[in-house]
Amino acid sequence: MLDMALPLIMDALANAALIFFVAVGLTLVFSVQRILNVAHGSFYSIGAYIAASMGLWLISAGLNPWLSFPALLLSAALVAMVLGPLVERTLIRWTYGRHEAIQILVTFGLFLILEDLQRLVFGVRSIYQDTPMALLGVSEIGGIFYLNYQLLLIVLALAVLFGMRFLIKHTRLGRLLVAVVADREVSLAMGINTDRAFVLAFTLGVFLAALGGALATPTTGVAPGLGAETMVLAFAVAAIGGLGQIEGAAVASIIVAGAKVLAVYYAPAFDTVAPFLVMLAVLLVRPNGLFGTATTRKI
Amino acid sequence: MMLKVDNLEVEIEGVQVLRGISFTLESGKTTVLIGRNGAGKTTTLRAIMGLLPVVSGTVSLAGDALLDKPAFARAPLGIGYAPEDRRLIAEFSVRENILLPALALNMAPAERKRRLDETYALIPQLETLDARPGGSVSGGQGKMVALGRALMVADRVLLLDEPFQGLAPALALDYARALKRLKAEKRDIAYMITESSPDLLSSVADETLTIERGMVSGGTVEAI
Ligand SMILES: Nc1ncnc2c1ncn2[C@@H]1O[C@H](COP(=O)(O)OP(=O)(O)O)[C@@H](O)[C@H]1O
Ligand SMILES: [Mg+2]
């Protein structure tokens, strides 16, 4: 029984880690900018494409394969630094304070543009590049084998969770963001450059999503449709955890990934709908999510 | 001459709220702006702070045009503002609320401490509230905190929007005393205080202006 359950738990937690990277960025941007970015999942798939391409290039250039680890981080940073400010300044900024329907239409348009761009640049094939996972290998505890890379994903997700808490509670940027979330007008009057706060928060959100995508390539590869698939999972997490709740996103990521992995193990036909069945069940009982209330908007 | 408002017109949702108002705030002087509810006092202060779009007119600080600058550029120029509805950050402690402008402007720690000590000396009630969450203080205490927060940057101009509105008598007395100390100690600041009734501020006013349906009249004390 245990030797069956442990791999399942590891799979679920590793999947949860990847979803968490996307969901936490979605929730951050929702808290600070008050917009629900439908295109957020595209940053995940773009991060994945860039990381996979960079990994393939590293190998073909005959460089040290361990460089593929910093390459994962570098890919995410690149995507964030280029797309974060660009997208926020041109499109997203224009939607602040507008009706939700407009925000969804604009960000959905952005999603379509980014999807087409990915097809144009990376083609329609799937790319596999699992050097980092192969390098880390497996370890055996009590007769059960684990992928060390999965452990790394879980550790990194925990680092992001605690890093975000630290950012919000103890750094200047974090405190300024809390003030902007609470009261934009007073923040301006007290001297906070809220535009800059918006760019930084958005770019951080893009970075986290792209990092999730980059880290996912060694385990799942990249193929067209990854962005959309990730986006709906991140939305399920946001709905279950309550939008704007970082700890909520962590717990909800585990629930969503758990449902998915359980289905993969025991009822493969349901693996895509399982997370949403759980989401519906949660929303029937708590319409604002497990940790959300109708009025809270926190980060 | 410090802050000059010239022919300011503001529309909110297509309705003209300020109809070409002009006045000057002098350093060391307290200008009281009196007007009924809905007369345009809050709109005047928010327009000076750059918090709403202006149709026409100018606002300048020592000759420097303010309306071309983004709203967040007011605090670094030494303009402090206490909104009528206090607007404290509920998640912050009282001290953190007071220090928010210092954090926004990235003041050096020594400077931050000097200003905080100075603020606590002027408004001793704040020191006892210090660690309380911003969301837990009473409305009247909140007005004191908002005053302290504005003082962190108000080297040149201090704008107080209806500070006495809704204040219990004891707190109103405390607030008035704090204002007197402030005026005595900080003689370079140009003060503007709005109020709906003239009685409360007659003792601190150097100049009294009246605003009615978006138009300012008066200019001298006997206006009302
Ligand atoms: N956000 C708003 N939307 C619509 N009308 C507003 C808004 N804010 C102010 N007004 C109108 O502008 C006028 C002036 O308001 P305000 O400046 O708040 O007056 P005061 O501060 O003197 O009570 C009022 O007639 C008010 O109805
Ligand atoms: Mg008012």
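Hydrogens, waters and symmetry mates are skipped; everything else that's a heavy atom, side chains included, is used.
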Any side-chain donor-acceptor pair under 3.5 Å between B:Asp161 and B:Thr194?
yes

Which residues, numbered in order, of residues 98-109 of chain B come under 4.5 angstrom of chain A by heavy-atom distance?
B:Leu100, B:Pro101, B:Leu103, B:Ala104, B:Leu105, B:Asn106

Contacts with chain A made by residues 75-87 of chain B (heavy-atom distance under 4.5 Å), listed by residue number:
B:Ala75, B:Tyr81, B:Pro83, B:Arg87

Heavy atoms, side chains only, cut-off 4.5 Å: are [X] and [Y] in contact?
{"X": "A:Phe207", "Y": "A:Thr203", "value": "no"}
{"X": "B:Val157", "Y": "B:Leu61", "value": "yes"}
{"X": "B:Leu179", "Y": "B:Thr30", "value": "no"}
{"X": "B:Pro163", "Y": "B:Glu195", "value": "yes"}

Lys/Arg-Asp/Glu bridge criterion (N-O < 4.0 Å) met for B:Glu118, B:Arg115
no

Using a 4.5 angstrom heavy-atom cutoff, name the option from B:Arg74, B:Met49, B:Met152, B:Glu96 with the most pairs to chain A.
B:Glu96

Option passing side-chain contact (heavy atoms from CB on, under 4.5 Å) with B:Tyr191 (candidates B:Thr31, B:Leu182, B:Leu159, B:Val32)
B:Leu182

Matching residue for A:Val256 among A:Val251, A:Val278, A:Val237 - test: side-chain contact (heavy atoms from CB on, under 4.5 Å):
A:Val237

Step by step, work out the side chain to side chain contact (heavy atoms under 4.5 Å, CB included) result for B:Ile21 and B:Val10.
CA-CA 10 Å; B:Ile21 61 169; B:Val10 170; over 6 Å; no

Quick one: of A:Asn193, A:Val186, A:Asp183, A:Leu188, who has the most non-hydrogen atom pairs under 4.5 Å with chain B?
A:Asn193

Between B:Arg156 and B:Met2, does a side chain to side chain contact (heavy atoms under 4.5 Å, CB included) hold up when you go through it step by step?
CA-CA 8 Å; B:Arg156 301 214 266 180; B:Met2 269 314 247; 3.3 Å; yes

